[in-house]
Amino acid sequence: MVPLRSDQWVEAPQTPPLSADAFNFLNHLRFVAMGCRSKPRADLFEACALLQTTRGATQEAYAEALMRCLGEAVGKPVRLHAPGVTELSFDEAWLVQLGIASARGDAASLSFLLQSRVALPHRRLVAFLIKQISECFDRI
């Protein structure tokens, strides 16, 4: 086997930097996910049915419902870094793009992102949860 010369190395693609608001959105989801690690996984349909109606409690309830059920919706465990880490996993980049598309009202991008990873029965509920969470952040 012949080693590659240094001019033949391919560098890993760099993740574009996130805006401060997008980073806050992601860190919020990371914090909620940390709190959900010790809780049992929840069924997405049951979690959405149990959501509260007061605005303050609802923001946390939507985020918790999403983070507890996201693995079920995408069919595998999601990878999230600790809050404050600037590196993005594929799952985190996907979540941020979902939030941005939802905040912009970009239905085509939101639909594409959901179809690329979320099972058909769960798409509507994940879109609902992302919309509710992204409304709490002014500019993602």
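Side-chain atoms are counted along with the backbone in the values below, which use heavy atoms only and exclude waters and symmetry mates.
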Peer 1: List for me each residue that meets side chain to side chain contact (heavy atoms under 4.5 Å, CB included) alongside P83, sequence neighbours excluded, and say none if there are none.
Peer 2: N27, R30, F31, M34

Peer 1: Can you give me the closest heavy-atom contact between S102 and S134, atom names plus distance?
Peer 2: OG-OG, 3.2 Å

Peer 1: Tabulate below the donor-acceptor pairs under 3.5 Å that side-chain atoms of residues 112-120 make, not counting sequence neighbours, or state none.
Peer 2:
from	atom 1	to	atom 2	distance (Å)
Q115	NE2	S111	OG	3.1
S116	OG	L113	O	2.7
R117	NH1	D91	OD1	2.9
R117	NH2	D91	OD1	2.7

Peer 1: Could you give the distance from OH (Y62) to CD1 (I133), rounded to the nearest 0.5 Å?
Peer 2: 9.5 Å

Peer 1: Rounded to the nearest 0.5 Å, what separation is found between the CD1 atom of I130 and the CG atom of L125?
Peer 2: 12.5 Å

Peer 1: Show every salt bridge (charged side-chain N to carboxylate O under 4.0 Å, His left out) that has at least one partner inside residues 75-89, sequence neighbours left out.
Peer 2: none

Peer 1: If you measure from CD on E92 to CG on L80, what distance do you get to the nearest 0.5 Å?
Peer 2: 5.0 Å

Peer 1: What's the shortest heavy-atom distance between T86 and F23, and which atoms?
Peer 2: CA-CE1, 4.2 Å

Peer 1: Do M67 and L29 have side chains that approach each other closer than 4.5 Å (heavy atoms only, starting at C-beta)?
Peer 2: yes

Peer 1: Do F25 and I100 have side chains that get closer than 4.5 Å, going by heavy atoms?
Peer 2: no

Peer 1: Out of curiosity, L110 CG to K131 NZ, how far, rounded to the nearest 0.5 Å?
Peer 2: 10.5 Å

Peer 1: Can you tell me how far the CG atom of D21 sits from the CG atom of L26, to the nearest 0.5 Å?
Peer 2: 12.5 Å

Peer 1: Any non-hydrogen side-chain atom of H28 less than 4.5 Å from a side-chain atom of V32?
Peer 2: yes

Peer 1: Who are the side chain to side chain contact (heavy atoms under 4.5 Å, CB included) partners of D106, not counting sequence neighbours?
Peer 2: A101, R104, A108, S109

Peer 1: Roughly how far, to the nearest 0.5 Å, is the CZ atom of F90 from the CG atom of L95?
Peer 2: 10.5 Å

